[in-house]
Amino acid sequence: MAVADAHHRAAQAGAGDAPVLRVDGLRTVFHTDEGAVEAVRGASFEVARGATLGIVGESGCGKSVAARSILQLVQRPGRIEGGRILLDGPGGPVDLASFDPYGPEIRAVRGNDVAMIFQEPMASLSPVHTIGHQIVEAIRVHRDVSPREAHARAVHLLERVRMPDPERRMRAYTFELSGGMRQRAMIAMALACDPRVLIADEPTTALDVTTQATILELLRELQAENDMALILITHDLGVVAEMADEVAVMYLGRVVESGPVEALFDAPHHPYTQGLLASVPRIDPERHHPRRPIPGSVPRAATRVVGCAFVDRCAHAIPGRCDTERPEPHAVAADHAVACHLHDGEAADASPPDVLRDGSMGRGGPGATASEPAALAERSAPGDGSPVVLEARDVDVHYPVFGGWLRRQVATVRAVEGVSLRLRAGETVGLVGESGSGKTSFAHTLVRLHPPTRGTVTLHRDGAPPLDVAHADRSAVRELHRSVRMVFQDPYGSLDPRLPVREVIGEPIDLLTDLSRKERDERVEALLETVGLSPDLATRYVHAFSGGQRQRIGIARALATEPTVVVADEPVSALDVSVQAQVLDLLERLVAERGLTMLFVSHDLSVVSSSCDRVVVLYAGEIVEEADSVQLYRAPKHPYTEALLAAVPSPSPATARHAAAPLRGGVPDPADRPPGCAFAPRCRYATDVCRAERPTLRDVRGSSVACHHADELSLRGA
Amino acid sequence: MTSYIARRLLYMIPTLIAVSLLAFAVITLPPGDYADTYVLAARQSGQVVTPEEEARIRAFYKLDRPWIAQYWDWASGIVTRGDFGFSFQWDLPVNELIWPRLAMTFVVSFSSLLLVWIVAIPVGVYSAVRQYSLGDMLATIFGFLGLAIPNFLFALVLMYVSFRYFGTSVGGLFSPEYVNAPWSLAKLGDFLGKLWLPMVVLGTAGTAGLIRVVRANLLDELKKPYVVTARAKGLRERDAIRRYPLRIALNPFVSSLNDVFVQMVSGATIVSVVLSLQTTGPLLLEALRAEDMYLAGSFVMMLSVLTVVGTLVSDLLLAWLDPRIRYR
């Protein structure tokens, strides 16, 4: 109901209240050696008391710079060169842009009237100070209170952000907290002086979906309690649908569409907004809705733009107009403005082209043709008849914990416990769970990055004896690494910055096959083309590529030895949603074309929904549910699966606001798991038997489930 | 934490035993011993030394026993009585030779170290915060010059300049009239008047190096998101930098402190020779040349102890500064 309140107030606020913060024609320029780079090119937006403004756009659209400009936090060589930032005050609005960025006036606003939270709470909090110290400091910068009073207030703030055991957490360092708790600490710090405006820059992008849901809920509640305006910056329209009252869509430093959230989702006018909407991952195990990613990527911030900045990626561009004349914002409805030539002048009354239905988004580009996913949908799911390629049996992965005087083993982290999994030729299996569920440990065991503590992993091959992964000798390991390849999560950290792309992709070929240098280079070029990159780029270094392009390179490297199995560990979670869609399409196409078997590891059920034939849900190192995709999404049998599904933000404001209560708490400490069902402490259906007895996997109406109550429960699917 | 320190102290014992064995073995390794050196010197001055006399000298200094027995005498003397043995060359107990020298070395090195820190840290911070400004450029030029000029050459130039243009002899740490005088206010004044030269000579390279280290570390840290957070709180720029990035940028500096202890004792040998400072460096050099084995061995032992203790101290400091290390 807190949500409804905020919503209601926002509706009232929109009716006549003066905005608490109004940004008008903001221009932020970075003066670099290569010339002036205009990161924000005349952006205007406003937010009313108690309301939420969502600012959306892909990476590189200037959202973060715009947000930082509000508090003049843009670093040299960046500078605000135009526009006004009007903050409502007791004596009328003041223009923050007119203040000296190092002067006392702007400092009096920072953290006091306007506070900010950031994307990476780990990096944004000091690693060498306790969170209590940092919150107390934030209070005492602006409030003349004693250290004791500040401490009491800090504890109170931690209580308000629902930090468990706040008094003790005051003395905790960031690395002792989970991601969600860190972000709570960050929020507590931002609330130190009861700001009127809170700017949240991608506050949940670095978090698991379940944690994201709890943090978003917390932000909504705090906002309602404090009557605080919230500016939420995100690339994810699902988050916007859940949170925002008003939305501003930014593209290359400018707001291209703005309006109330319902209007924007029901009738998106700008082709860019439509493209973003089409990119949101939806739960679609039946593959009814082919993804339509926006082709290409955001131009570099240094690009000079004559007409519309989106023209190169737009399917509806009007030649001779969109590339020569800059579109200005036009009202298409009350409070709903669009900067697009399709909607100004005589064409203004034309109804928006509905890309969500007619599939006309995009004109080619890598993996962008709408026919591909459709073709995929018809692909017959490999049945039980296909041969097993990779098989894990009762795999345990334990890590010893050393401590005490003589560094003896004092505990065991049970990362994976008794997991059995069969990958059949040609199928894609999703492996899903929160951080700490053991999914990465298990994936690493499959490719022998570390050995299983117990159990076996076997690779089956045509016309050759099965290969025992854990005990393979040197030549067998070569064979294994040739047949089973990995795609890694972080496209920045997993590619060597000192090697040209040719070497990055070619390295496994050199190490594991007998191809000549010439054959190798030919294969590298073919691979680049396969993943949608130009073969000319083979001589470039990794830093020249965007995140999405890097992940394509990572995929090309995984395919270099023509493997039969690909293990993709969170391959898209570091990417923007629009780029996610491109990369997912690419992966699906490759699996279909090359008959690959894929294990797709993710924390987000929506991401894997349309790619996978079968999904395995992992919790605290154990499989809790395994079923065919459609079955798992539409009729989950385990309460944990239901909770994961509920955590996925829905890309529609109408349904998003009625989401179930998010899953609280975290995965239990793998060195000290509770007796009985590991999920029981967080489960709303848990009974005494759950807390006492450990459930085992059994068949329940076509799914394999480890839950005592799977027979009685009727859980909500997507 | 206590258990950690206790464990580290325990580890020191085998380390030091091994080092002392090694040091003693290495010193006795070259052919010949102090008896040879003594006989050679006597012959050169025209004396006749018979083989019997030579054997008596050798027996007197117990050089005829196996080296492991000599080691045992020496090592057990240190452990039980704090007795580091006898210097053949000086005809004095090692203890009497070494401690005054060590104290003097400590004063010289520590004062130059202090100079390094007082100058280098603020300049390094300025250099990083105002990257590519005129001040940064000047600090950079000074840094490269300071690193490039050999210390002994710098010492010679300074000595020449102060003698030629100011008419003062700046060698040594005391004017001749005070060398053997008891400590007094006048002697202290004389000492301080002499101290500046080794301070500057020994400090220049260190200052130059540390400016670069502080600047590079701080530049890395200034880009970190937590600095933006600090500014977003409304902190003054100065406070934001001092409390967060600077604090973290000093970590690598602290972890290199263990080196400093050793440098303090052994690093300045050549400069000490040039400036004829009564520090440990020249004494060690002389002891090694004369195969004055107990003196040399004791020095090596001291250096090892300082290295091990220095490493422990810098690790403890680091753990105190950085909780990420403390909780590992």
Side-chain angles (χ1 to χ4, degrees), chain A residues 64 67-68 70-77 101-130 133-135 137-142 171-176 186 189-190 192-193 195 199 201 402-407, chain B residues 1-11 14 128-133 136 217-255 317-328:
Chain A
S64 283
R68 281 168 196 217
I70 294 173
L71 285 178
Q72 296 238 27
L73 289 170
V74 185
Q75 286 297 288
R76 265 189 283 251
Y102 294 96
E105 297 99 336
I106 191 75
R107 283 206 310 270
V109 175
R110 287 177 189 163
N112 195 12
D113 298 304
V114 183
M116 231 178 140
I117 59 176
F118 301 92
Q119 173 172 359
E120 288 271 5
M122 183 70 184
S124 298
L125 289 166
S126 162
V128 299
H129 297 88
T130 60
H133 176 102
Q134 295 178 68
I135 298 172
E137 182 183 50
I139 296 168
R140 298 194 49 179
V141 172
H142 298 291
R171 295 186 301 274
Y173 292 95
T174 46
F175 56 85
E176 297 176 280
M186 187 87 213
M189 198 165 87
C193 298
I199 303 169
D201 187 357
F402 296 99
W405 231 84
L406 295 164
R407 308 265 105 192
Chain B
M1 204 60 206
T2 353
S3 89
Y4 172 77
I5 298 173
R7 196 169 54 239
R8 286 290 299 266
L9 288 173
L10 265 184
Y11 285 158
V129 174
R130 300 255 179 278
Q131 197 187 5
Y132 303 135
S133 66
D136 178 30
N217 288 345
L218 190 56
L219 276 177
D220 281 348
E221 293 301 324
L222 282 173
K223 296 190 193 97
K224 298 276 174 73
Y226 64 78
V227 186
V228 182
T229 308
R231 290 196 185 104
K233 277 181 186 175
L235 283 177
R236 274 187 299 181
E237 186 68 9
R238 191 174 358 127
D239 294 336
I241 288 174
R242 183 172 53 82
R243 291 185 200 171
Y244 294 99
L246 181 59
R247 162 87 192 268
I248 297 166
L250 288 181
N251 271 6
F253 157 70
V254 172
S255 64
L317 264 177
L318 209 55
W320 175 65
L321 263 179
D322 192 338
R324 288 170 293 184
I325 293 163
R326 205 181 317 154
Y327 286 73
R328 176 116 337 136

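Sequence lines set the chain letters: A, B, ... in the order given, protein chains first and strands last, and positions in each chain run from 1. Basis for what follows: all heavy atoms, side chains included, without hydrogens, waters or symmetry-related copies.
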Asker: Name the member of B:Pro245, B:Gly234, B:Ala230 that forms the most heavy-atom pairs with chain A at distances under 4.5 Å.
Answerer: B:Gly234
Asker: Contact part of B:Leu222 toward chain A, heavy-atom cut-off under 4.5 Å: side chain, backbone, both or neither?
Answerer: neither
Asker: Taking the side chain as every heavy atom from C-beta outward, state whether A:Phe118 and B:Pro225 have any pair of such atoms under 4.5 Å apart.
Answerer: no
Asker: How about CZ on B:Arg130, more than 12 heavy atoms from neighbouring residues, nucleotides or ligands closer than 6.0 Å, or not?
Answerer: no
Asker: What is the minimum heavy-atom distance between A:Ser126 and B:Tyr226, and which atoms define it?
Answerer: N-CB, 4.0 Å
Asker: Measure distances from B:Ile248 to the heavy atoms of chain A and classify the residue's part below 4.5 Å as side chain, backbone, both or neither.
Answerer: side chain
Asker: Other residues, nucleotides and ligands only: do more than 12 of their heavy atoms fall within 6.0 Å of CZ on B:Arg236?
Answerer: no
Asker: For a 4.5 angstrom cut-off between non-hydrogen side-chain atoms, does A:Gln75 reach B:Lys223?
Answerer: no
Asker: Considering only heavy atoms, which portion of A:Met122 lies under 4.5 Å from any heavy atom of chain B: side chain, backbone, both, or neither?
Answerer: neither
Asker: Do you know which of A:Gln119, A:Glu137, A:Arg68, A:Gln72 has the most heavy-atom pairs with chain B at a distance under 4.5 angstrom?
Answerer: A:Glu137
Asker: Output the option from A:Ala190, A:Ser124, A:Gly111, A:Gly103 having the highest count of non-hydrogen pairs under 4.5 Å with chain B.
Answerer: A:Ser124
Asker: Decide whether A:Arg76 and B:Gln131 meet the rule of one side-chain donor and one side-chain acceptor closer than 3.5 Å.
Answerer: no
Asker: Which atoms of A:Ala138 come close to chain B, meaning under 4.5 Å heavy atom to heavy atom: side chain ones, backbone ones, both, or neither?
Answerer: both
Asker: Please report the C-alpha distance between B:Thr229 and A:Met189 in whole Å, then the side-chain angles of each, then the deciding distance to 0.1 Å, and finally whether the side-chain contact (heavy atoms from CB on, under 4.5 Å) criterion is met.
Answerer: CA-CA 10 Å; B:Thr229 308; A:Met189 198 165 87; 3.2 Å; yes
Asker: Say you draw a straight line from CG of A:Leu71 to NZ of B:Lys233; how long is it, rounded to the nearest 0.5 Å?
Answerer: 14.5 Å
Asker: Which pair of heavy atoms, one from B:Leu321 and one from A:Val128, lies closest together, and at what distance?
Answerer: O-CB, 4.0 Å
Asker: For B:Arg231, is it the side chain, the backbone, both or neither that has a heavy atom under 4.5 Å from a heavy atom of chain A?
Answerer: both
